[in-house]
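Shown next, in structure tokens, is the structure this report addresses.
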Protein chains: 2
Amino acid sequence: MKNRLKVLRAERDWTQADLAERLDVSRQTINAIEKGKFDPSLPLAFKAARLFELAIEDIFQDEETT
Amino acid sequence: MKNRLKVLRAERDWTQADLAERLDVSRQTINAIEKGKFDPSLPLAFKAARLFELAIEDIFQDEETT
DNA sequence: ACAAAAAGTAAAACGAACTTTACATATAGT
DNA sequence: ACTATATGTAAAGTTCGTTTTACTTTTTGT
């Protein structure tokens, strides 16, 4: 699962810690998601979508063919 | 987290087992998600969106105010 | 009413999502 | 070069998503 969090942060000049705070998760969680270590839960994806005022699909991209 | 899985199944005349098979999860997982026992993972939400050719937001609805 | 299929439920087990604490490395400003 | 801020990483622990097995209840068809 790819995501555009780093770019969306950059556009707003937010640090990982800033984003973490706004999403109510730990900084390590943001880091891990950005680095692709794991996928966010669906509720967290919704929260990010609300924060950035984007569709989930515009932030997170599935990379499945099947 | 609410979802429209039951309706989407009904429109296609699929049982929970049918949907489970198409999404590659167990029937109990579908049942639990439909009954609101837990939220699907983001990858599973994407899979459902692809299957139904809908946006994730058109299948699953967050019910958060904060 | 009966049988078959579908839906609901529950417990045990496992991996994934997330936390806290802690430290290491990188980047930027003076 | 020094300091502060930002990012990366790791271990241990908790909760959540999912599976398997198995049983009960509801719905549907004849």
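Within every chain, numbering begins at 1; the chains are lettered A, B, ... in the order of the sequence lines, protein sequences first and strands thereafter.
When rounded to the nearest whole Å, the span between CG of A/L19 and P of C/dC18 equals 13 Å. Atom CD1 of B/I33 and atom C1' of C/dT9 are 16 Å apart (whole Å). When rounded to the nearest whole Å, the span between CG of A/N3 and P of C/dA17 equals 13 Å. Straight-line distance from the CG atom of B/D39 to the P atom of C/dC18: 11 Å, rounded to whole Å. If you measure from atom CG of B/L44 to atom P of C/dA16, you get 15 Å, rounded to the nearest angstrom. Whole-Å rounding puts the B/E34 CD to C/dA6 P distance at 14 Å. The CG atom of B/L5 sits 12 Å away from the P atom of C/dG8 (whole-angstrom rounding). The CZ atom of B/F38 sits 13 Å away from the P atom of C/dA10 (whole-angstrom rounding).
When the nucleotides C/dA10, C/dA17, C/dA7 are ranked by their closest atom to the side chain of B/K37, C/dA10 comes out on top.
For the pair A/D39 and B/P43, the tightest heavy-atom approach, listed with the atom from each and the gap, is OD2-CG, 3.2 Å.
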Base-contact (B) and sugar-phosphate-only (S) positions in nucleotides 20-30 of chain C, heavy-atom cut-off under 4.0 Å, - elsewhere: BBB--------
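A side-chain donor-acceptor contact under 3.5 Å links B/N3 to the backbone of B/I33. Judged purely by atom type and a 3.5 angstrom limit, B/E57 uses its side chain to pair as donor or acceptor with the backbone of A/I56. No donor-acceptor distance shorter than 3.5 angstrom exists from the side chain of A/Q16 to the backbone of A/R27, with no hydrogens or angles considered. With hydrogens and angles disregarded, a donor-acceptor distance shorter than 3.5 Å links the side chain of A/D18 to the backbone of A/T15.
Comparing the helix axis at one end of the helix from C/dA1-D/dT30 to C/dT30-D/dA1 with that at the other, each defined from 5 consecutive pairs, gives an inter-axis angle of 60° (nearest 10°).
Between B/M1 and B/F38, the closest side-chain pair of non-hydrogen atoms is not below 4.5 Å. You'll find the side chain of A/T29 reaches within 4.5 Å of the side chain of A/L44, heavy atoms only. Side-chain atoms of A/E34 and A/R9, non-hydrogen and from C-beta on, do get closer than 4.5 Å to each other. Taking 4.5 Å as the limit, some side-chain heavy atom of B/F52 sits within range of a side-chain heavy atom of B/L19.
In this structure, CZ on A/R4 lies 13.5 Å from NZ on A/K6, to the nearest 0.5 angstrom.
Of the two residues contacting DNA chain D, namely B/A32 and A/A32, the nearest-nucleotide position lying further toward the 5' end is that of A/A32. Nearest-nucleotide mapping onto DNA chain C: of A/L42 and B/D18, the residue sitting toward the 5' end is B/D18.
The side chain of B/K35 contributes an N or O atom lying less than 4.0 Å from OP1 or OP2 of C/dG8.
Enclosure of atom CD in A/E21 is not indicated, since only 12 or fewer non-hydrogen atoms of other residues, nucleotides or ligands lie within 6.0 angstrom.
Nucleic acid contact class of B/D24 (heavy atoms, under 4.0 Å, all strands): sugar-phosphate only.
The pair B/D62-A/R50 counts as a salt bridge, with a side-chain nitrogen and a carboxylate oxygen less than 4.0 angstrom apart.
Taking 4.0 Å as the cutoff to heavy atoms of chain A, we find the contact window on DNA chain D bounded by D/dA6 to D/dA10.
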